[in-house]
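All values below come from the heavy atoms of this structure, side chains included, with hydrogens, waters and symmetry mates left out.
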Amino acid sequence: MSADERRRMIVQSVLPLLVEHGAGVTSSQIARAAGIGEGTVFRVFKDKDELFATCFAEALKPDQVLDAIAVIDLEQPLDDRLIEAADALSAHLQRMGALMAVMHGSGRRLEHRHDDRRDRRKESMSVMRDAMAELFEPEKDRLRLPPSQSAALFLSLLFSGRIRFSETGDEPTTMELVNVFLNGALAAA
C-alpha cells in the first residue's frame, strides 16, 4: 500500500472515531480501527494534530454528496430528484457539523488559514451547485431562472433553512421544503 493510500485508509478509519470520541481518541483506538500498528500511524502523520487536520479537511470535501447526486435518476419528477439531493446534502451537513461540534467541544482547535478554508468552501459550493444544476436541466424550459441559478437558490434555502430551523426545532420535512421551493409559500386556491 502506498503512503497516500495508507493515509486515506487511516483518515477513513479515524473520522467516525473523531465524531464519537473527539480529540480524546487514543493512538491505540486509531490503530485498532485502521487495522495497523500504532507506530504506522506516526510514520504517515507527524502527530495527532496533522491527522486531525487531514480528517477535518476530508470531512469538508463534497465527494460523497456529489457521488450521491450523480446517481439520481433524471427521468423521475423534479421534486423527487430534489428530495433525494436534499437528503444527501443534509447528511453531508450533519457529518460536518458533528465533527466540528465534537472537535470544538473537546477544546481542540484545528489550525488552518482562513483564506484556505474560504477558498475550499467556495470551491465546494461551486461543485455542489453545478451538480444540482444537472438535476434542474431537464426542466430548463419550464424554469423561471437558468438551472445554475435555480440550483444556487435551492442550496441557499436548504443550507440556511436547516441551520435556522435546527435552533427552533420546527424544521420542515425535506418534502415540505422542496414543495415550497417549487410551488411557493401560498397554498393552491
Inset, instruction - Report the distance from atom CZ of F42 to atom CD1 of I30, rounding to the nearest 0.5 Å. - result: 6.0 Å

Inset, instruction - Give a yes or no answer on whether the side chain of E176 reaches the backbone of T173 with a donor-acceptor pair at less than 3.5 Å. - result: yes

Legend entry - Shared hydrophobic cluster for L153 and L182 (ILVMFWY, side-chain gaps under 4.5 Å): yes

Legend entry - Results of salt bridge (charged side-chain N to carboxylate O under 4.0 Å, His left out) for E84 - residues two or more places apart only: none

Inset, instruction - For the residue pair I10 and R6, establish whether any side-chain heavy-atom pair is separated by less than 4.5 Å. - result: yes

Inset, instruction - Give the minimum heavy-atom separation between A33 and S13, together with the two atoms involved. - result: O-OG, 3.6 Å

Legend entry - Any side-chain heavy-atom pair of M132 and L82 under 4.5 Å: yes

Legend entry - Q29 side chain to T26 backbone, donor-acceptor under 3.5 Å: yes

Legend entry - side-chain contact (heavy atoms from CB on, under 4.5 Å) against D63, all qualifying residues, sequence neighbours excluded: K61

Inset, instruction - Say whether S126 and E123, considering side chains only, have a donor N or O and an acceptor N or O under 3.5 Å apart. - result: no

Inset, instruction - Can you measure from CG (L99) to CG (L60) and round to the nearest 0.5 angstrom? - result: 8.0 Å

Legend entry - Contacts of V11 that satisfy side-chain contact (heavy atoms from CB on, under 4.5 Å) - sequence neighbours left out: L15, F45, L51, T54, C55, E58

Inset, instruction - Measure the shortest side-chain to side-chain distance between L158 and F181 over non-hydrogen atoms and say whether it is less than 4.5 angstrom. - result: no

Inset, instruction - Can you sort out the partners of E50 under salt bridge (charged side-chain N to carboxylate O under 4.0 Å, His left out), two or more places apart, ordered by chain and number? - result: R7

Legend entry - Least distance between heavy atoms, E38 atom then A31 atom: N-CB, 3.7 Å

Legend entry - For the student: nearest non-hydrogen atoms of Q76 and D80, plus distance: OE1-CB, 3.3 Å

Legend entry - Interatomic distance, E134 atom CD to L74 atom CG [nearest 0.5 angstrom]: 7.5 Å

Legend entry - ILVMFWY cluster, I83 and L143 together (side-chain gap under 4.5 Å): yes

Legend entry - I72 with M175, same ILVMFWY side-chain cluster at under 4.5 Å: yes

Legend entry - Heavy-atom side-chain contact between V178 and F154 under 4.5 Å: yes

Inset, instruction - Go through the structure and list residues passing side-chain contact (heavy atoms from CB on, under 4.5 Å) with S124, not counting sequence neighbours. - result: P62, M128

Legend entry - Reported CG-to-CD distance for the pair D67 and Q64, which is rounded to 0.5 angstrom: 8.0 Å

Inset, instruction - Say whether, by atom type as modelled, one donor and one acceptor occur between the side chain of T40 and the main chain of I36 under 3.5 angstrom. - result: no

Legend entry - L66 side, atom CG; H92 side, atom NE2 - distance, nearest 0.5 Å: 8.0 Å

Inset, instruction - Sequence neighbours left out, what passes salt bridge (charged side-chain N to carboxylate O under 4.0 Å, His left out) with R81? Give chain and number order. - result: E139

Legend entry - Within 6.0 Å of CD in E5, more than 12 heavy atoms from elsewhere: yes

Inset, instruction - Could you walk me through whether S27 and K48 pass the side chain to side chain contact (heavy atoms under 4.5 Å, CB included) test, one step at a time? - result: CA-CA 8 Å; S27 301; K48 277 187 174 180; 3.8 Å; yes

Legend entry - Distance in Å, F159 CZ paired with L89 CG, rounded so as to fall on 0.5 Å steps: 5.0 Å

